**Q** 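Have a look at this one before I ask anything.
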Amino acid sequence: MMRLNWKWAVWSGAAAALALGAVFAASPLGFLAPPDPSALWTWSLESWESTSVSASGETLRIVHEPLALARNLALASLGFVGLALSAPRFFEMFGRASDNPAGGESMGRVLSARRQFDGELDTILTLVRAHLENNQTYSAALRKGHTDLASPAASPDQIRAAIILLIAENQKMLRETEEYARNLDESRRQVDELRATLAETQELNVRDALTQVYTRRYFDSTLEREAREAAETDGELSLIMADIDHFKKINDTHGHPIGDEVLKNFARTMCSHVEDKDTVARYGGEEFAIILPATGVAQARLLAERIRGEFEAKKWAIKGGRPIGRITASFGVAQLRAGEGAAGLIGRADAKLYVSKSGGRNRVATDES
């Protein structure tokens with residue numbers, strides 16, 4: 001695991017890449033300028049074009065903006081550096097253990113993904129550092145060739161040797177840049193795979209392992225956000241709290257596997273009645289909640305009644321045909337009030353659920369009751 005020096009390396013790499021990118025962006029692009037023999041004597045690091053003839057009479061032509069390749073690689077590296085800078089928060093968000101049975105497994109996957117990400121970050125920083133070092137070597141060779149070419153006392157053999165050196169250094173730089181590009185492409189592929197893994201892990205962290213509705217942690221953060229937005233926009237927000245009646249008796253009489261099936265069926269029933277904007281969550285044990293943005297209490301009560309009626313009408317039987325009997329659920333509904341927060345809304349909806357339970361169960365109690 002990277003510790004304090006990890007952040008130092010990231011910021012150092014970012015600063016170096018940004019500085020290099022600024023220098024490169026300021027240089028001329030002239031990749032394909034037309035040949036001009038006189039340019040052999042006016043060549044510089046900013047704009048290089050030279051033409052000469054080899055000993056065999058073959059025309060040699062160099063047309064290259066020497067910093068362009070390095071600039072492109074540096075700019076590409078900035079994207080990886082940006083990803084690296086956001087990584088601590090990224091992993092902090094997904095690295096929190098979930099309050100569902102899959103939490104331990106998903107935490108392990110997050111830690112494994114983080115180790116892989118650290119490895120890929122090391123690779124990217126190594127590539128950038130190696131490219132900067134090679135670019136310094138390349139620039140030194142260019143300066144030497146420039147000095148040799150610009151010398152009034154240079155003989156034809158010296159000029160020819162300088163040009164051969166420049167060509168060789170240019171080809172070497174091209175080969176090394178291609179290799180860096182391949183390695184960066186591979187690192188990018190690995191990062192994409194890690195992103196997919198983390199997205200899947202996030203889904204594990206916010207979904208209840210048994211019922212596949214959202215977890216209590218996700219419910220809490222979502223209700224806080226929806227309550228804040230409703231208050232800012234003066235919009236409606238309702239909450240349904242639901243609880244399966246006599247659930248302990250179901251487990252004690254028929255066993256926990258049957259109880260699990262009842263929980264999953266109840267969750268599916270609720271999900272079949274809500275819209276994409278709504279959130280169904282397992283609040284705890286056999287208790288569930290539905291967050292209903294842009295919904296008044298009257299609409300929420302009708303929704304709760306539809307769910308209650310459909311769930312009550314189901315026919316339950318153990319495999320083999322032995323009937324279980326009717327299973328019902330109770331509901332409490334409340335609408336967000338002016339100046340009220342998420343905790344107040346939960347408290348009032350939960351109080352209405354208690355009214356349903358104490359009033360005989362299998363019913364819906366609301367603010368209108």
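Note that this is a predicted model, so its numbers are computed, not measured.
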**Q** Please determine which of Leu237, Leu292, Leu239 meets the side-chain contact (heavy atoms from CB on, under 4.5 Å) test together with Glu226.
**A** Leu237
**Q** For the residue pair Ala300 and Ser238, what are the closest heavy atoms and their distance?
**A** CB-CB, 3.8 Å
**Q** With hydrophobic residues grouped by side-chain heavy-atom distances under 4.5 Å, do Val364 and Leu303 end up in a single group?
**A** yes
**Q** Once rounded to the nearest 0.5 Å, what's the spacing between atom CH2 of Trp316 and atom CD of Glu261?
**A** 8.0 Å
**Q** For the residue pair Tyr218 and Ser221, what are the closest heavy atoms and their distance?
**A** O-OG, 3.0 Å
**Q** Answer yes or no: is there a side-chain heavy-atom contact under 4.5 Å between Met241 and Glu287?
**A** yes
**Q** So do the side chains of Arg225 and Thr222 get within less than 4.5 Å of each other, counting heavy atoms only?
**A** yes
**Q** With sequence neighbours left out, what residues match Glu305 under side-chain hydrogen bond (donor to acceptor under 3.5 Å, both in side chains)?
**A** Arg308
**Q** Keeping Thr211 on the side-chain end and Asp208 on the backbone end, is there a donor-acceptor pair under 3.5 Å?
**A** no
**Q** What is the distance from atom CD of Gln335 to atom CG of Leu345, rounded to the nearest 0.5 Å?
**A** 9.0 Å
**Q** Is the shortest heavy-atom distance from the side chain of Lys314 to the side chain of Arg326 under 4.5 Å?
**A** no
**Q** CG/Leu336 to CD/Glu229 distance, rounded to the nearest 0.5 angstrom?
**A** 12.0 Å
**Q** Check this for me, if you would: do Arg348 and Glu340 make a salt bridge, where the nitrogen-to-carboxylate-oxygen distance has to be below 4.0 angstrom?
**A** yes
**Q** Using 0.5 Å steps for rounding, measure from the OH atom of Tyr283 to the CG atom of Leu353.
**A** 10.5 Å
**Q** Checking Thr269 side chain against Phe311 main chain: does a donor-acceptor pair fall under 3.5 Å?
**A** no
**Q** Are Val274 and Ile240 co-members of a hydrophobic cluster defined by side-chain heavy atoms under 4.5 Å apart?
**A** yes
**Q** May I ask you to decide whether Lys264 forms a salt bridge with Asp260, counting only side-chain N to carboxylate O separations under 4.0 Å?
**A** no
**Q** Contact between Ser272 and Glu310 at the side-chain level, heavy atoms closer than 4.5 Å - yes or no?
**A** yes
**Q** Ile290 and side-chain contact (heavy atoms from CB on, under 4.5 Å): which partner among Thr295, Ile307, Thr279?
**A** Ile307
**Q** Determine whether a donor-acceptor pair (N or O, by modelled atom type, separation under 3.5 Å) exists between the side chain of Asp278 and the backbone of Glu275.
**A** yes
**Q** Distance from Met270 atom CE to Arg306 atom CZ, nearest 0.5 Å?
**A** 14.5 Å
**Q** Within 45° of the six-membered ring axis of Tyr214 and under 6.0 Å from that ring's centre, is NZ or CZ of Arg207 located there?
**A** yes
**Q** Please check: side-chain N/O of Arg268 versus main-chain N/O of Cys271, any donor-acceptor pairing under 3.5 Å?
**A** no
**Q** May I ask you to test the Phe288-Asp243 pair for a side-chain heavy-atom distance under 4.5 Å?
**A** no
**Q** So which heavy atom on Phe266 is nearest to which on Ala242, and how close?
**A** CZ-CB, 3.9 Å
**Q** Say you draw a straight line from CD1 of Ile244 to CD1 of Ile250; how long is it, rounded to the nearest 0.5 Å?
**A** 6.5 Å
**Q** With clusters defined by side-chain heavy atoms of hydrophobic residues (ILVMFWY) lying less than 4.5 Å apart, directly or transitively, does Ile291 cluster with Val297?
**A** no
**Q** Are Val262 and Val213 linked, directly or through other ILVMFWY residues, by side chains that come within less than 4.5 angstrom of each other?
**A** yes
**Q** Consider only side-chain heavy atoms of I, L, V, M, F, W and Y, link residues closer than 4.5 Å, and tell whether Ile346 and Val333 are in one cluster.
**A** no
**Q** Arg363 vs Val355, test: side chain to side chain contact (heavy atoms under 4.5 Å, CB included). Steps then yes/no.
**A** CA-CA 9 Å; Arg363 61 188 62 200; Val355 169; over 6 Å; no
**Q** Could you walk me through whether Asp367 and Lys352 satisfy the side chain to side chain contact (heavy atoms under 4.5 Å, CB included) test, starting with their C-alpha distance in whole Å, then the side-chain angles of each, then the deciding distance to 0.1 Å, before giving a yes or no?
**A** CA-CA 8 Å; Asp367 284 340; Lys352 292 300 178 180; 3.8 Å; yes
**Q** Is Asp245 salt-bridged to Lys357, cutoff N-O under 4.0 Å?
**A** yes
